[in-house]
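Report on the structure given below.
First listed ligand is number 1; within each ligand, the first listed atom is number 1. Bear in mind the structure is a predicted one, so any value in this text is a computation, not a measurement.
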Amino acid sequence: MDCPIKKQCGSCQYIGMDYSKQLSIKKEKCEKLFPHQRVHDVAGMQNPYFYRNKVIVAFNQKYEYGLYEETSHRIVPMKACLLHDEQTHLVLTQLQKMLKKYRVSIYDENRNRGFLRHVLIRRAVTTNQTLVVLVGREAVMKGSKNFCQELVKACPSVQSVVLNINNRQTSIVLSKQEKILYGKGFIVDKLCGLTFKISAQSFYQINHEQCTYLYHQVLSLLDLHKNDVILDTYCGIGTIGMFLAQYVDTVIGVELNHEAYKDAINNAKMNKIHNIHFVHDDATHFMVELAKQKQKIDCVIMDPPRAGSTQAFIESIKVLQPRQVIYVSCDPSTQARDLKMFNKIGYKSRDVYPVDMFPHTNHIESLISLSRVS
Ligand code: SAH
């Protein structure tokens, strides 16, 4: 399939390339990074398009919407994109008409004038619910009641509209200040048999199908026992830990972002999972403390951001001596660096399982399972 905007936004480095070729390039990259491991074929998607459940666009003064050009702040107008689903574009096209009709002014970053800075769309693909976040410079949007009613009538998948108020001169899209204009301020999605509330700020994996695959892969690599205590570190809104809780005695999730931590607690309550606890802390600090207390930990799941984990985190593993560590990574190069540290403390892995979480881009998700050898 051809990219309708001819790759100008720069997000999809591999678009237009045969999908099986993309997968083999990603496998080769992993083989280079992990010369002593058996790298499995990259788990790809049946239909590697329209998978992104979150998009942030900006509008220009002509009310065209799109992504920024790779190297500038020029908006590349986009009628369609091969990564976003049809509903996303229906909602965006409707918004485009209505922003014009309601004469909503568009933010001009050079003059720091105008109202609308960005629009964020989140989709819950299993329930077909859409959350619309309008990022505006002021706390009041004139005519918002009629605006929302008209939007929801035209696009019934829209369950909620939120105004995020961002009046700082910054390239960070969302501020912490929000006002619900319509609905409850969140949408609900189902993942691995559980229900999750997704609000404007929540971290949520952007590819539902591959995320489901990844979590099942984590489960299949784990050798779990009923009385195990497992740690879900860098846990986000608690999705992996909640999925695993049914197989073990206790799960402890640790997460640095306060919003995600709060979402995790609420999600556990909503799913009536009582054997999971969440801690709001830096994962390394938490591990070092656990190591001082010599806590019994059977398995550790770690899913750090691209920067990977830390030496102190890994040294705490040496003290805690879990039977197994599952390392999920969105940047195999830092994972390969961390693997060397694991080897030094006596934890080894044999296999690397790459997952194509982000088809058409050069990003790779990968999974390794480490076991204590001594
Ligand atoms: N496992 C989750 C989230 C993975 S993304 C999932 O599958 O959805 C990585 C998470 O690590 C993010 O939620 C981020 O907020 C969190 N994080 C980043 N740095 C951290 C740190 N130093 N300590 C704990 N959590 C951290």
Heavy-atom contacts with [X] under 4.0 Å: which atoms of ligand 1 show up? List them by number with element.
X: D281; answer: 23 (N), 24 (C)
X: T239; answer: 6 (C), 7 (O), 8 (O)
X: N257; answer: 15 (O)
X: Q205; answer: 6 (C), 7 (O), 8 (O)

Verdict with supporting geometry, D331 and S329, side-chain hydrogen bond (donor to acceptor under 3.5 Å, both in side chains): CA-CA 5 Å; D331 186 345; S329 164; 5.7 Å; no
Which distance, rounded to the nearest 0.5 Å, do you find between the SG of C235 and the CD1 of I276?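 So the gap between those two atoms works out to 7.0 Å.
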Compute both the distance and the angle, then confirm whether R117 meets the cation-pi test with Y107: under 6.0 Å from the six-membered ring centre, within 45 degrees of the axis. yes
Among H280, E259, M287, E255, the residue with a heavy atom nearest to atom 13 (O) of ligand 1 is E255
Is there a polar contact, in the sense of an N or O pair closer than 3.5 Å, between D232 and ligand 1?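 Among all N and O atoms of D232, none is under 3.5 Å from an N or O of ligand 1.
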Between L256 and ligand 1, is there a nitrogen or oxygen pair with a distance under 3.5 Å?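 Checking ligand 1 against L256, an N or O pair does fall under 3.5 Å apart.
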What do we get for [X] next to ligand 1 when only non-hydrogen atoms under 4.0 Å count, side chain, backbone, both or neither?
X: D282; value: both
X: V328; value: neither
X: Y215; value: side chain
X: A283; value: both
X: F203; value: side chain
X: C235; value: backbone

Before accepting this row, confirm whether a basic side-chain N of the pair K292/E289 lies closer than 4.0 Å to the acidic partner's carboxylate O. yes
Does the side chain of Y102 pick up a donor-acceptor pair with the side chain of S144 at under 3.5 Å?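 Distance-only check fails for Y102 and S144.
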For this output row, return yes or no: ring centroids of [X] and [Y] closer than 6.0 angstrom.
X: Y353; Y: H40; value: yes
X: H216; Y: F243; value: yes
X: F278; Y: Y261; value: no

Protein contact of atom 1 (N) of ligand 1 - nearest heavy atom, named by residue and atom, plus distance: D303 OD2, 2.8 Å
Among all protein heavy atoms, pick out the one at the shortest distance from atom 17 (N) of ligand 1; state its residue, atom name and that distance to 0.1 Å.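 Of the protein heavy atoms, Y234 CD2, 3.9 Å lies nearest.
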Salt bridge (charged side-chain N to carboxylate O under 4.0 Å, His left out) with K296: which residues, sequence neighbours excluded?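 If we apply the salt bridge (charged side-chain N to carboxylate O under 4.0 Å, His left out) test to K296, skipping adjacent residues, the hits are D298.
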